[in-house]
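The block underneath contains the structure these notes are about, expressed in structure tokens.
Predicted, not measured: the structure shown is a model, and the values here were computed from it. All chains are named by letter (A, B, ...) in the order of the sequence lines, taking the proteins before the strands, and each is independently numbered beginning at 1. Values reported hereafter were calculated over all heavy atoms of this structure, with side chains retained and with hydrogens, waters and symmetry mates removed.
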Amino acid sequence: MEVLAFLIPVSLGLGILGLLAFWWTLRSDQYDDPDGDSARILRDDFDDHPDGGGA
Amino acid sequence: MSSTDYHSGLAACPGCDATALATQSAAGKAKQGDQEIALSLPSMHCAACISTVEKGLLEMPGISGVRVNLTRKRATVHAAPEIEVDSITDALARLGYDAQPLDQATLSADQSDRAARDLLMRLGVSGFAMMNVMLLSVAVWSGASDSTRDLFHWISAAIALPTIIFAGKPFFVNAWSALRVARLNMDVPISLGILLASGMSLFETANAGHHAYFDAALSLTFFLLAGRYLDQRTRTIARSAATELAAMETPTALKVTEDGPHTVAISDLAVGDIVLVRPGARMPVDGVISKGQSDLDRAFLTGESDPIPCTEGDVVRAGEVNLSGPLSVRATAVGKDTFLHSLADLVSIAEEAKSKYNSLADRAAGLYAPVVHIFALAGFLTWMSITGGDIRVSLMISVSLLIITCPCALGLAVPAVSTVASGALFRNGFLVKHATALERLADVDRVVFDKTGTLTLGKPKLLSANTIDPLDFALARALATASNHPHSLALVEAAQGRDLPFVTVTNITEQPGFGISGTWEGKRIALGRAEWVGAGGAGTTLAVEGREATHFAYRDRLRPGVEDLIAHLRGQNIPITLLSGDTEANVAPFAASLGLTDWQAGILPDEKAKVLEEHRAAGSRVLMVGDGLNDTAALATAHVSIAPASALDATRVAADIVLMSPDVSRIKDGLRIAKSARRRILENFAVAAVYNCISIPIAFLGFATPLAAAIAMSTSSIVVSLNALRTR
């Protein structure tokens, strides 16, 4: 049962990591233009200069 | 109006063929002091469109940043202060896109985005917590015991309690505001269930008990937040589209000063200012014409389909459209004092009556909340007497009753259906603006139409074009090409495709408000009002020296889909009434051509509202379809109302639903979807009821475990969500 002492913190840590990632996507306006973003990913002109997004 | 082709825009996408694009970064950095311009680009729909618009605009000098939002079909442009909006829309027109400037102030007034994002965050947090606690609970359900179980319960508590405080806040706030005024809403049993479950579980954990309901409390929060979020998003989509329509009417006017006309905001105009109104523009103020002659289109205000000639000294009202000549108008009333606004005030009175409508969800909640509380109390008291006063057991029973009956299914039953239905309506070109409009649309048993602008397009069509002598027709066409009057445009259009003799007319001059004159083979010819050209009769007449005068008759054009819609309504045995502010001479033949027997002409705005009021008193639920300012009071009085997108902002505000598509036959799809949505909602209530009939006795007898609660809650939520998808 000692394995629990590792596994529970690990699973919680991974979960919190996911939650933080979600929080970040929400804060950086990534749900504002889902259609546009899915189209933009196919363009190659941002490959060399990643763009922050807020014009 | 270009806002009407939101849905037809997919066919034509100039960007798809675009090649050889520049390769500089599309979104440059905005400089200090730049102005921000929002544009609506309805015809944009693919990756190439984004590139074309962003790069094309960045090539213009003075533009420092462009960002396209494809979802909303909008572009935000950062430009130097001296750049005119017109030059940007011109540039976009050259790229092949119709652009409409949007009023930033109107757009930023829309704050519902933030509320949706806030709910999404709470949903994410409760989802995270639910999954983790569920994992720990599975271990407990599958047999963890003693100290392991207690440890898991404590970890669950550590995750669940802060989450519930954060994620459950919207419910607690709503419940508190209802309780404070001594009322019960759906959020009261929800909050009570969540809080009691958490509190009881904490107590059990501290006393090394067997059952903790942290997972149930969390999944309840999660499912209900999902319902709330769907609800919010549905309304945000409709509202932001509606705000965008409003923002398209940029409120500016041309104010005449000593050094010429200047563009100013309508809100900056004062009584006594002289305003220049160009042909095609709308009157920004009530006033008196100080210079110029023209024709006015009053259809929006009165429903009259024929243009009214006007001259110096005539009174004009805000909202009328100037048709043929430039007019200088001295303002006598501005802003809130205009006739247009006094009509809008009629609306707010009727609106209040409408907000009293009880939605299905409200009615269900009103029935549900007391029943749940009585059951929980009864459970508590029964077990107190059975166990001889064991508070812990009795409280556990009443908590499990509250949890197991908690309205997961009820909370999702309505939002899931209205999300699916609003989506289907949106694809059919409807914007559902009012929260209960969908349900009210399903009740409709009578339809009242306005004529001008609603069943007709407000654009005249030349009648009996084939009986007119070709020479007269050719002369009339030569004169009409010089004018933008609706009758001239219709005449030119009717002449297309007809084999007319070639004529040379010189000295063509238009006298706004009267007609057009010219010289043909040395003779004076004139096309215009009968008394002005010097002929008998009335209406648009062509007079040629030495020839008999020719009369041109016009009729307003039907909107596409009208016959289809009327045939459908007849098939459904729904009575149709036509209320028009237009003259009887125009309405009678129109009604006859559609086979409508119940019509009234020359009716005033408050009379329209009165007719609607009578229908309401007689117990019928009327759908009112209208576009004019004279319809606003009637729209607000009706059980449910639809306005076409071509209507003025004040009218669209009064209507519950805006029809974006020019095709009115869509209304029959709207009625069908609304009926189907109501059926699904009722089915979902039935599912919830059946589920409660089974689960309440189980919980009452004390057999409900946290596992049983979790299973029951999830299955009922999934069943109602799947049922909602059948709405079409």
Could you grab the distance from atom CG of B:Leu123 to atom CZ of A:Phe22, nearest 0.5 Å is fine?
6.5 Å

Chain A-proximal positions within residues 127-135 of chain B [heavy-atom distance under 4.5 Å]:
B:Phe128, B:Asn132

Check whether any side-chain heavy atom of A:Arg27 sits under 4.5 Å from a side-chain heavy atom of B:Met121, and report yes or no.
no

Could you look at A:Ile8 and say if it's the side chain, the backbone, both or neither that has a heavy atom under 4.5 Å from chain B?
side chain

Which heavy atom of B:Ile50 sits nearest to which heavy atom of A:Ala39, and what is that distance?
CD1-CB, 4.1 Å

B:Ile155 side chain reached by A:Leu12 side chain, heavy atoms, under 4.5 Å
yes

Can you give me the closest heavy-atom contact between B:Arg67 and A:Asp37, atom names plus distance?
NH2-OD1, 4.2 Å

Of the backbone (N, CA, C, O) and the side chain (C-beta and beyond), which part of B:Val125 lies under 4.5 Å from a heavy atom of chain A, both, or neither?
both

